[in-house]
Each structure stands twice: as structure tokens, then as C-alpha cells.
Amino acid sequence: MTSGSEVQGERWPFLQSLPFRVVAFLSLALLPIGLLAIWQTQNLDETLQARTRLSLVALTEIAVSGERQVLQRAVGAASGQAVTYGLTADDPIVCSESFKAFQDADPAISFAGFLPPSGRVDCSSEPEPFSIGPSERVANIATSPLTTLIPRLRADAPGGRTAVLTQPVVRGDDVIGQIVLTILTESMSQMPDLNDQNQPLSLAIFNRDGKVITVQGEAHVPAEEAIAEDIVRRLGPEPTAFAGQNAQGERRIFVVLTLVPDLAYAVAGWAPTDGVLSSTAYTLPSFFLPALMWLASLLVAYFAVHRLVVSPVQDLGSRMRRFASDRALPQPKNTEMLPQELFDLEQTFINMAYDLIDDEARMENSLREKNVLLKEIHHRVKNNLQMISSIMNMQIRAAKTDESRHALRRLQDRVLGLATVHRVLYQSKELSRADAAPLMTDICASVFNELAEARPHAVHALEVDNFTLVPDQAVPLALLVSEVGSNAIKNLPDTASPAPFLNFSLRIVSPGMAQFRCRNSGGSLIDKVAPDGGVGRQLIRAFATQLGGTVEVQDRDGIHTISVEFPITTAIPDALDY
């Protein structure tokens with residue numbers, strides 16, 4: 001059968017505690033609500049992020065409205081020149097004057113002309129013909145069927161940084177050249193936007209190949225380099241917003257959109273706080289707030305259970321343990337704050353404690369009365385035995401023969417041994433047990449007095465351990481000591497030197513086992529025929545049997561030893577109803 005300590009050792013105190021179980025069940029109860037809250041928060045977060053992206057896209061559209069206007073006007077002008085070029089192509093002077101007039105009409109155009117595959121420009125807004133080739137790159141540009149926007153062709157082009165717009169001139173199925181317009185990038189940035197109040201921290205315009213046309217504000221990359229591939233990959237029909245870092249490693253929100261389809265694109269960098277949302281919309285996960293609320297609910301539940309249930313129950317358990325140990329009944333703490341159920345439990349415990357105290361008081365009174373009665377019984381038995389001893393003493397004095405006096409004296413010693421047992425019992429604290437030390441002291445005192453009368457020169461000793469005996473063992477032990485002592489005195493030699501000796505001992509030899517031993521000098525105690533016809537020998541063996549042991553005799557080097565080893569009875573036998 002499993003003991004209580006083993007069951008307690010197999011338990012996990014924290015996992016089996018009431019707050020943990022309440023929190024665990026509350027967690028299960030809040031799980032559907034928490035999942036729903038996370039789903040709703042995630043949807044709200046996605047909606048707000050979408051609105052933020054739309055807001056930044058709209059702000060970027062407004063911020064690039066001036067650049068888009070310049071590029072769209074240039075594309076429209078180049079398309080018109082490509083259509084009308086054939087009217088003036090045969091007369092270079094008229095053609096150049098036409099381009100010159102077009103260039104003067106638009107301050108954003110620093111050059112306008114026709115670029116043939118040979119690279120020699122005869123018709124342009126320049127006063128004199130010039131050549132920019134021949135080269136493979138110029139030939140590829142001049143024969144391209146696509147409208148392109150590229151950085152400046154010549155590094156020594158006057159007027160600052162420019163962008164070159166090419167529009168193919170088609171005759172039949174062949175491209176005979178390109179209408180070339182050189183756009184001043186400063187004019188693009190100086191063109192007023194629809195709203196100049198909200199401007200991005202950085203703005204870069206690039207072509208379909210990622211080549212940078214112009215950069216404003218923070219630089220994404222140097223002007224001579226290309227836009228990063230990840231930005232180029234994000235090009236599409238719809239604007240795109242994403243989070244990233246600028247060249248200095250600072251966090252930015254980038255918006256990529258199309259200025260002119262298949263021609264020019266823009267990427268704008270905004271601070272994370274721009275738009276309709278703050279930066280937390282991008283840093284905090286969607287489950288953060290529901291998880292925080294769930295954790296707060298569990299903490300509140302834990303402390304509520306601990307405050308309302310666990311702490312009062314622990315206080316009640318502590319007072320129960322103290323009541324069980326010393327019957328103290330301290331006052332409870334804060335009974336006004338207790339729930340009604342715990343208050344009723346508290347009152348039940350107090351009532352039960354007072355009932356137990358009353359019952360124990362009555363039991364103590366009854367036990368005290370029984371102890372007094374038992375003491376009186378033992379005392380009366382002792383007195384009666386002493387009275388019998390006195391009567392036997394009168395019989396001894398009136399006896400006619402030594403044999404009669406000896407038999408009566410031996411019988412008197414046995415009666416006095418029984419009286420000693422009853423005296424030790426009523427003097428002991430526990431009436432159901434007799435202390436071995438005072439019992440042996442009193443019994444051996446009588447034997448030693450008899451020894452002093454019979455052998456004045458004899459010496460004696462007593463060794464005894466302190467333990468208790470039940471009456472069923474104390475009586476045969478007292479009679480055994482008295483009988484063995486009388487036999488030993490009879491067999492001691494009557495010499496003065498060396499002086500005879502008689503030693504008694506009662507020791508615990510092993511757990512639950514005791515040994516009585518008598519050592520004396522002189523003749524044997526058992527093998528010699530006693531004057532009483534061997535009754536003493538029979539009594540010694542009978543008393544040893546009652547103790548639960550056997551008699552062992554040794555005779556060596558003139559020292560005679562008799563010992564009896566017996567188990568110490570711990571349980572008090574039930575009284576028999578005769």
C-alpha cells in the first residue's frame with residue numbers, strides 16, 4: 001500500500017496548485033477569444049498598412065507631378081517632331097531653324113535635333129553641324145525602335161546634368177534615326193508639384209534599365225550608378241511600397257511608381273512616421289496586443305485566486321497544523337474579506353476545534369481518574385503483599401525447624417518481589433510500564449542485604465540499562481532476580497580472601513532484545529541440588545520461560561554465570577475477561 005509521503009513525493013506542487021489550474025483553464029477559455037482578437041488585429045493591421053501604402057503612394061504621386069509633367073510634355077513634343085521631321089528633312093537650314101524654335105519655346109529643353117545612324121547631326125538646334133560618333137553605341141541608339149530615356153550622351157554637354165529622350169523616326173518599316181531631346185534635370189526638380197508641403201526625403205528617377213536620371217534629397221546610389229536590382233524587380237503596373245534602408249542605414253519606406261509607362265520610373269523614400277500611421281504599424285506584430293491582454297488577464301486571475309482563495313486556505317492550513325501540534329487557536333486574518341464559502345469553512349473549523357478541546361478535556365479528566373484508580377490499586381496490592389510478608393515473618397519466628405524457616409523465608413522473598421513490582425508500577429509515570437532501572441535496584445537491594453548478612457566479606461555490583469517493561473515481564477523478571485540471587489548467595493564460598501563477589505546486569509544486547517546475567521564466585525547455581533528439593537531451579541526456568549527466553553549456564557575458572565536473553569515486549573497485551 002502506498003504511503004502518504006510517497007504520494008506527496010510523486011506530486012508536482014506548482015502544477016497541482018489551485019492558481020496554476022485556474023490559470024490553465026482560463027487560458028483554454030480565453031484561447032478562442034484570443035485567436036479571434038489576433039485575427040481581427042491582423043486584419044486591421046493589414047488594412048491600416050494598406051491605407052498607409054495608399055497614402056504614401058498618393059503623396060509620392062503628388063511629389064512627382066512636376067517631373068511627370070516635364071517628361072510627358074517632352075515625350076509629346078518628340079512624337080510631334082518625329083511626325084513633322086519629313087517636311088524639313090531635305091533642307092538642313094530650315095530643319096535646324098525648326099528645332100531651334102522648338103528649343104527656344106521650352107526652357108526645359110537644352111537641345112533638340114535629329115540623330116542619324118552615322119552619328120553626324122546636321123539638323124538640330126545647334127548653329128553648326130557636329131558629330132557624336134561614329135560609335136557602336138550611337139548606332140544602336142539611332143536605330144532603336146523604342147522611345148528611350150538615357151543619361152546624357154556626352155560628358156562635356158553644356159548646361160549641367162541632362163537626360164536624353166529619343167523618339168524613333170520611321171519611314172516604312174525602317175528606323176532612319178531618332179529625334180533627340182536633351183532635358184535639363186534641374187528643370188524637372190524645379191517644376192512645381194500639385195502640393196509642395198509633403199515632400200519625400202529622397203526621390204530618384206530612373207529608366208527601364210535602372211539607370212539613374214536624377215536624384216533629389218538623400219541619395220540612394222551615386223548618380224552614375226544604377227538603381228538597386230530589388231527596386232527594379234518591383235516595377236509593375238501598380239505602385240509598390242516596401243520598407244528598407246537608405247545609404248546611411250536608416251529605416252525608410254520606399255514607394256516605386258511609373259512616371260511614363262515603359263520609359264521613366266520614380267522611387268521615393270519617406271520617413272517611417274509619414275503617412276497616416278506611425279512606425280509601430282510596421283514594428284509591432286499583430287498578436288502583440290491580444291497576447292498582452294491575455295497575459296494581463298492571466299495575471300489578474302492568478303493574483304485574484306491567490307488573494308481570495310489560496311492565501312486564506314494557506315492561513316487556515318497553518319492554523320490547523322498549529323492546533324494539531326500544541327492546541328493553539330490563533331485568530332484568523334481579515335475575515336471580513338473572506339468569501340462566504342471560506343468564511344463558513346473557517347467557522348466550521350473553529351467550532352470543531354472547540355469541540356475537540358472539550359472532548360480532550362473530558363478524556364484527560366477520565367484518564368486522570370483512571371490513573372489515580374490504577375495507582376490506588378497497585379498501592380493497595382503492594383500493601384496487601386507487605387501485610388502477607390509480615391504474617392509470614394511471624395510464621396518464620398514461630399517455626400520449629402530450620403527447613404521450615406528457610407522455606408517460609410524463600411516464599412517471603414518472592415512475595416516481597418511482587419510487592420516491589422507493584423510499588424514501581426504505581427510510582428512510574430506510565431502505569432502500564434515499569435522502569436527496569438528502579439525495579440532492578442529495589443530487587444537487588446534486598447538480595448544484597450541478604451548477601452551482607454550471609455557473607456559479610458562479599459562484594460556486589462549492579463549494571464542496568466534504562467528501558468521499560470510491561471507488567472507481564474516485570475513480575476517474572478523480579479522473581480527471577482530474587483530466585484537467582486538467593487541461589488547464588490547459598491553457593492558463595494565463606495572466605496575473606498579472595499573476597500567472594502555477586503554481580504547482576506540487565507543490558508540491551510540488540511534492538512528489541514535484553515539480557516539478564518548473574519556472575520558469582522563459588523559453586524554452580526543450577527547443577528547442585530538445592531535444599532528445597534530443586535524447586536528454585538524449576539522456578540528459575542519457569543520465570544525464564546515466562547520472559548520468552550531460556551537459561552544458559554557457564555562454569556569457567558571458578559566463575560559461574562547464569563544468563564537469560566529475552567525479547568522486550570512493546571505491545572501491551574489485551575486484558576482477558578475471566
Side-chain angles (χ1 to χ4, degrees), residues 402-403 406-407 409-410 413-414 416-417 420 436-467 469 473-568:
D402 292 338
E403 184 178 356
H406 177 74
R409 189 175 297 278
R410 292 295 301 272
D413 291 339
R414 294 159 186 159
L416 288 176
T420 302
L439 178 63
M440 288 292 296
T441 302
D442 291 346
I443 298 297
C444 292
S446 300
V447 176
F448 294 152
N449 289 334
E450 183 181 352
L451 175 65
E453 294 177 1
R455 301 289 187 270
H457 303 291
V459 294
H460 57 81
L462 172 64
E463 296 180 358
V464 60
D465 289 337
N466 189 16
F467 61 96
L469 296 169
Q473 286 189 315
V475 171
L477 178 62
L479 296 176
L480 175 64
V481 174
S482 178
E483 197 69 31
V484 170
S486 298
N487 287 341
I489 292 172
K490 288 188 304 180
N491 292 280
L492 285 177
D494 188 9
T495 60
S497 179
F501 67 89
L502 176 60
N503 296 336
F504 289 107
S505 67
L506 180 62
R507 311 300 296 266
I508 296 178
V509 293
S510 63
M513 295 295 294
Q515 184 187 58
F516 165 73
R517 175 180 292 180
C518 176
R519 300 174 71 247
N520 68 283
S521 58
S524 175
L525 306 182
I526 297 297
D527 295 334
K528 291 185 177 181
V529 178
D532 54 4
V535 176
R537 181 174 56 186
Q538 296 177 7
L539 289 176
I540 289 173
R541 290 174 176 168
F543 296 148
T545 303
Q546 290 182 8
L547 285 172
T550 57
V551 178
E552 295 183 2
V553 179
Q554 291 183 355
D555 190 355
R556 181 180 303 171
D557 299 331
I559 298 175
H560 306 282
T561 304
I562 179 171
S563 61
V564 177
E565 186 173 337
F566 61 93
I568 301 174

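None of the values given here were measured: they were computed from a predicted structure.
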If every non-hydrogen atom of [X] is compared with every non-hydrogen atom of [Y], which pair is closest and at what distance?
X: I443; Y: V481; answer: CG2-CG1, 3.5 Å
X: L480; Y: F543; answer: N-CD1, 3.6 Å
X: T495; Y: H457; answer: O-CB, 4.1 Å
X: R517; Y: T561; answer: CG-CG2, 3.7 Å
X: L492; Y: S521; answer: CD2-O, 3.0 Å
X: V551; Y: A544; answer: CG2-CB, 3.6 Å

T545 side chain vs R541 backbone, donor-acceptor pair below 3.5 Å: yes
To the nearest 0.5 Å, what is the distance between [atom1] on [X] and [atom2] on [Y]?
X: L477; Y: S482; atom1: CG; atom2: OG; answer: 11.0 Å
X: Q554; Y: I559; atom1: CD; atom2: CD1; answer: 10.5 Å
X: L506; Y: M440; atom1: CG; atom2: CE; answer: 5.0 Å
X: S510; Y: Q515; atom1: OG; atom2: CD; answer: 9.5 Å

N466 atom CG, over 12 foreign heavy atoms within 6.0 Å: no
Aromatic plane relationship, F448 with H460 - under 30° parallel, 30 to 60° tilted, over 60° perpendicular: parallel
Side-chain touch [X]/[Y], heavy atoms, less than 4.5 angstrom:
X: C518; Y: L502; answer: yes
X: F516; Y: L547; answer: no
X: I508; Y: I568; answer: yes
X: N487; Y: I562; answer: no

Worked check of side-chain contact (heavy atoms from CB on, under 4.5 Å) between V564 and V484: CA-CA 11 Å; V564 177; V484 170; over 6 Å; no
